[in-house]
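A quick write-up on the structure given underneath.
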Amino acid sequence: IWLLLALHVVTVVALSMVGARLGRTALWVAAIPMAATAVWSATRLGTDDVITAGFQWVPGLDVAIEFRVDAMGALLSVLVSGIGALVCIYAVGYFSAGAVGVGRFAATLLAFSTAMVGLVWADSIWTLFIFWELTSITSFLLVGFKHTDPVARTAARRALVITAAGGLSLLAGFVLFVDAAGTTRLSEITPITGSTATAAAVLILVAAATKSAQFPFHVWLPGAMAAPTPVSAYLHSATMVKAGVILVAVMAPAFQDTEVWKPLGLSFGLATMAWGAVGALRHVDAKLILAWGTVSQLGLLITLLAVGTPKATFAAISILVAHAIYKAALFMVVGEVDVRTGTRNINELSGLRRTMPITFAVAVISGASMAGIPPLLGFPTKEAAVDAALGLSGAEFWIVGGLIIGGSVLTVAY
């Protein structure tokens with residue numbers, strides 16, 4: 001753990017110093033620590049071993065930096081680092097040979113990847129909070145990469161304001177959580193109840209909603225499409241927007257018995273799922289269609305985790321993996337189409353199968369997976385979500401089940 005994190009940090013520092021002279025080669029260098037982390041994490045899949053590392057930062061306050069790589073941490077770091085390495089390789093072709101700031105872009109992208117790896121490996125709430133805030137800072141720099149473009153600057157500021165406000169909510173929620181639970185370790189979480197736990201649950205859900213673009217905090221995500229396509233393919237499909245989902249997943253065991261956790265989580269998730277799908281149908285910009293589709297899928301993930309049954313939780317983690325893969329691929333497709341044709345307007349695009357056959361194949365396979373067409377990965381994950389919804393009863397069956405199935409129909413439509 002320490003070796004891989006050190007490799008990330010040293011490479012970030014090196015690229016910050018000499019990246020400008022390396023040009024697009026800096027992207028290959030940035031891919032090295034990501035690929036190393038993905039390979040190491042892949043070797044942890046399917047094992048029962050748990051790897052830990054940490055040290056006491058402020059012993060008197062029980063503030064420690066602690067990491068824990070278990071099955072969930074290994075799976076998430078394979079996604080974060082594996083897709084990150086592929087995005088770096090994609091960016092080599094996306095940026096022209098004379099593009100300005102590629103070295104800075106590579107260093108910032110790797111810094112963001114480091115923050116996400118630290119977040120998914122965190123075993124203490126303070127470690128998670130530190131890396132949570134680092135993702136907000138580095139994503140601000142990536143969304144605002146085209147800093148001379150006023151649209152990009154506005155989008156970056158909006159994203160920073162919303163996610164930073166969520167960070168303050170998360171800090172307050174964690175303080176209350178420690179008071180109620182008596183522990184800072186995520187691996188030692190047990191169910192808690194009471195007024196303090198309820199307040200902590202609300203604050204933590206709000207923080208998750210800001211990071212994972214839940215209604216009404218979703219407005220920053222479509223605007224963030226002003227960022228270069230490699231940023232969208234990485235941050236807005238596989239990593240940053242999933243941070244809030246991961247937070248809900250790891251904190252659910254603590255708050256599942258509070259009165260507010262499930263209804264508030266369902267309110268965020270169901271409203272976001274429906275509104276995001278409608279938003280995707282309203283646009284003709286292919287990148288905005290994918291962005292609004294991401295908002296909708298994030299709502300589905302929060303909904304399933306709020307339901308909290310074993311089947312729903314399994315479905316949420318399955319969809320998280322599938323969505324990261326097919327949505328990153330689709331964003332890359334849109335980036336290549338934009339570079340080659342000069343437009344993302346779907347009303348102006350046709351006949352690309354003949355001139356871009358490989359991209360066409362990737363688009364069809366990824367789009368079919370997103371729609372849930374068998375035998376692609378999207379099918380069993382959506383089936384698991386529907387199965388979980390059909391296992392509910394009473395009003396919950398009709399409301400949650402109806403919206404999950406309706407949202408899946410709208411996903412096929414857009």
Side-chain angles (χ1 to χ4, degrees), residues 1-9 33-59 61-85 113-132 134-135 170 174 177-178 180-192 204 208 238-239 242-256 301 304-305 308-322 324-325 384:
I1 291 176
W2 290 124
L3 194 61
L4 288 168
L5 290 175
L7 178 61
H8 276 254
V9 173
M34 296 186 195
T37 302
V39 170
W40 180 80
S41 298
T43 65
R44 311 303 311 161
L45 296 176
T47 68
D48 295 328
D49 295 336
V50 175
I51 309 297
T52 61
F55 64 90
Q56 285 291 324
W57 186 12
V58 186
L61 298 177
D62 194 24
V63 177
I65 302 298
E66 295 175 307
F67 300 101
R68 186 175 190 269
V69 182
D70 53 12
M72 181 73 167
L75 175 65
L76 293 174
S77 56
V78 166
L79 280 179
V80 168
S81 300
I83 293 178
S113 180
T114 306
M116 274 304 304
V117 169
L119 189 150
V120 301
W121 285 354
D123 189 36
S124 78
I125 59 171
W126 305 126
T127 307
L128 191 153
F129 177 75
I130 290 169
F131 285 101
W132 176 282
L134 287 174
T135 62
L170 182 63
F174 277 169
F177 168 77
V178 172
T183 181
T184 62
R185 284 180 177 264
L186 298 175
S187 56
E188 297 176 356
I189 281 180
T190 55
I192 55 176
I204 289 173
T239 51
K242 301 292 173 58
V245 175
I246 294 167
L247 176 66
V248 173
V250 299
M251 299 305 296
F255 298 116
Q256 60 189 0
L301 292 174
L304 291 169
L305 290 172
T309 64
K311 281 188 176 181
T313 303
F314 170 77
I317 302 304
S318 301
I319 293 174
L320 186 151
V321 173
I325 297 170

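This chain uses plain numbering: 1 for the first residue, then up along the sequence.
With sequence neighbours excluded, the residues forming a side-chain hydrogen bond (donor to acceptor under 3.5 Å, both in side chains) with Ser187 are Asp123, listed by chain and number. For Leu3, the side chain to side chain contact (heavy atoms under 4.5 Å, CB included) test picks out no residue, with sequence neighbours left out. Every side-chain hydrogen bond (donor to acceptor under 3.5 Å, both in side chains) that Ser113 has, sequence neighbours left out, goes to Tyr234. Leu79 meets the side chain to side chain contact (heavy atoms under 4.5 Å, CB included) test with Ile83, Leu320, Val321, Ala324, Ile325; sequence neighbours excluded. Taking Phe67 as the reference, Trp2, Phe131 meet the ring-ring contact (aromatic ring centres under 6.0 Å, His included) condition, with sequence neighbours excluded. Residues passing the side chain to side chain contact (heavy atoms under 4.5 Å, CB included) test with Gln256 are Pro191, sequence neighbours excluded. By the side chain to side chain contact (heavy atoms under 4.5 Å, CB included) test, Ser77 is found to be paired with Ser41, Val120, Trp121, residues two or more places apart in sequence or in another chain being considered. Residues that satisfy the salt bridge (charged side-chain N to carboxylate O under 4.0 Å, His left out) test with Asp49, not counting sequence neighbours, are Arg44. Every residue meeting the side-chain hydrogen bond (donor to acceptor under 3.5 Å, both in side chains) condition with Thr183, not counting sequence neighbours, appears here in chain and number order: Glu188.
Val80 has its side chain out of reach of Lys242: every pair of non-hydrogen atoms, C-beta onward, lies at least 4.5 Å apart. You'll find the side chain of Val117 stays beyond 4.5 Å of the side chain of Leu4, heavy atoms only. Trp132 places none of its side-chain heavy atoms less than 4.5 Å from the side chain of Ile246.
Closest approach of Leu186 and Met251 over heavy atoms only: CD2-SD, 3.9 Å. Considering every non-hydrogen atom in both Leu304 and Ile319, the closest pair reads CD1-CD1, 3.8 Å. Considering all non-hydrogen atoms of both residues, Ala85 and Met34 come closest at N-SD, 3.5 Å. Looking at every heavy atom in both residues, Leu119 comes nearest to Ala243 through CD1-CB, 4.1 Å. For the pair Ala64 and Thr127, the tightest heavy-atom approach, listed with the atom from each and the gap, is O-OG1, 3.3 Å. Heavy-atom minimum distance, Gly244 versus Ala208: O-CB, 3.5 Å.
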ask   = Passes side chain to side chain contact (heavy atoms under 4.5 Å, CB included), Val178 versus Trp126? Steps please.
value = CA-CA 10 Å; Val178 172; Trp126 305 126; 4.0 Å; yes

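Gln56 CD to Ser124 OG: the interatomic distance, rounded to the nearest 0.5 Å, is 9.0 Å. Distance CG/Leu76 to CE/Met116: 7.5 Å, rounded to 0.5 Å. One distance of note links CD1 of Ile130 with CD1 of Ile125; it measures 11.0 Å at 0.5 Å rounding. Going from atom CG of Leu128 over to atom CG of Leu247 covers 6.0 Å, rounded to the nearest 0.5 Å.
Atom CH2 of Trp40 is surrounded by more than 12 heavy atoms from other residues, nucleotides or ligands within 6.0 Å. Within 6.0 Å of the CZ atom in Phe314, the count of heavy atoms belonging to other residues, nucleotides or ligands does not exceed 12.
Checking side-chain atoms of Thr114 against main-chain N and O of Leu5 turns up no donor-acceptor pair under 3.5 Å. Checked by atom type and distance alone, the side chain of Thr313 never pairs as donor or acceptor with a backbone atom of Pro310 at under 3.5 Å.
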